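Only a predicted model underlies this, so the values are computations on that prediction, with no experimental measurement involved.
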Amino acid sequence: MSVVDFAFQKPSVAALKAARVTGVLRYVCEDLGKVITPAEAHGYTSNGIDYGLACEDGGNGFSGGASGEAAKAHIAAPVLVSIGFGHGRPVYAAVDGNLAKGLYQITWEGIHAFASSLGRPDACYGPRPFLYWLEQQHGVEWLWELGSSSFNFGPEPKHK
C-alpha cells in the first residue's frame, strides 16, 4: 500500500495509479489552493484510490483551545458535504511540528472541539510523542504519524 500526502501540487489520477498509489491525504482548510474538490474526490473513488482528509490551517496546529478550534469545523463542514465524505470517517487535525508538552492539553481540547463540532471521531495527524499521549490519555484511535523523523521519537501508539 502506498499513500501520499500533497497540498498544492495535485498529481493526476493517472499519475497516481502509474505510481501504484492506493491512497491520498488531502485537505479541508481556509486556503482554497489546498482544498479537495468534489471532482477530485470523485476521481479518486471512481478509480479505486482511497482518500483521507486533514484540516490544516495556520501555524498554531490546533493549540487555540476549544473555542478557537471549533471554528475550523465551519470551514470544513461545507467541503465534507460537497464531496460526500461519510459521517463515520475522521478528519485529522494536523499538528505539524514538535509540539511542546505544555501545549498537549490545550491542543487536545482544540482537536476534540473540532471533531465534536463535525460529529466525527477525534483524529490527529502529528508527531509520535503527542499521538502516544492522545492514545494513552484520551483513547484516541485515529492517529496518523507526521512524516518527519525529527518529531518521531519515543513509544509508538498502537492505533497508528
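Residues I106 and L99 share a hydrophobic cluster, clusters being chains of Ile/Leu/Val/Met/Phe/Trp/Tyr side chains in contact below 4.5 Å. Taken together through direct or relayed side-chain contacts under 4.5 Å among Ile, Leu, Val, Met, Phe, Trp and Tyr, L80 and L32 form part of one hydrophobic cluster. At a threshold of 4.5 Å between side-chain heavy atoms, the hydrophobic network of Ile, Leu, Val, Met, Phe, Trp and Tyr places I75 and L25 in two separate groups. Residues I36 and V21 are members of one and the same hydrophobic cluster, defined by side-chain heavy-atom contacts under 4.5 angstrom among Ile, Leu, Val, Met, Phe, Trp and Tyr. By the criterion of side-chain heavy atoms lying less than 4.5 angstrom apart, applied directly or through intervening Ile, Leu, Val, Met, Phe, Trp or Tyr residues, I49 is grouped together with V28 in one hydrophobic cluster.
Distance check: L143 CG to R128 CZ gives 12.0 Å after rounding to the nearest 0.5 Å. Separating the CD atom in Q105 from the CH2 atom in W133 is a distance of 4.5 Å, to the nearest 0.5 Å. To the nearest 0.5 Å, atom CG of residue L134 and atom CD1 of residue I111 are 5.0 Å apart.
Across every non-hydrogen atom of F62 and C55, the tightest pair is CE1-O, 3.3 Å. The nearest pair of heavy atoms linking S117 to A73 is CB-CB, 3.5 Å. The minimum heavy-atom distance linking T107 with S63 is given by the pair OG1-CB, 3.3 Å. Contact detail for L131 and C124: the closest heavy-atom pair is CD2-O, 3.6 Å.
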Pairs of donor and acceptor atoms involving the side chains of residues 11-19, under 3.5 Å and at least two apart or interchain, shall be tabulated with distances.
| residue | atom | partner | partner atom | Å |
| --- | --- | --- | --- | --- |
| S12 | OG | A15 | N | 3.0 |
| K17 | NZ | N47 | O | 3.0 |

Less than 3.5 Å apart, which donor and acceptor atoms pair up between the side chains of residues 85-93 and the rest of the protein, not counting sequence neighbours?
| residue | atom | partner | partner atom | Å |
| --- | --- | --- | --- | --- |
| R89 | NH2 | D50 | OD1 | 3.4 |
| R89 | NH2 | Y51 | O | 2.3 |

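The one candidate from W108, Y132, Y104, F130 that meets the ring pair (Phe, Tyr, Trp, His ring centres under 6.0 Å) condition with H138 is W108.
Applying the salt bridge (charged side-chain N to carboxylate O under 4.0 Å, His left out) test to pairs two or more places apart or on separate chains, none has a residue in residues 104-125. Listed by first and then second residue, the side chain to side chain donor-acceptor pair (under 3.5 Å) pairs involving residues 24-36 are D5-Y27, R26-E40, K34-E56 (not counting sequence neighbours).
Checking side-chain atoms of S116 against main-chain N and O of A113 turns up no donor-acceptor pair under 3.5 Å. T22 places a side-chain N or O within 3.5 Å of a backbone atom of S2 that can act as its donor or acceptor partner.
Not counting sequence neighbours, S67 has no partner by the side-chain contact (heavy atoms from CB on, under 4.5 Å) test. With sequence neighbours excluded, no residue forms a ring-ring contact (aromatic ring centres under 6.0 Å, His included) with H42.
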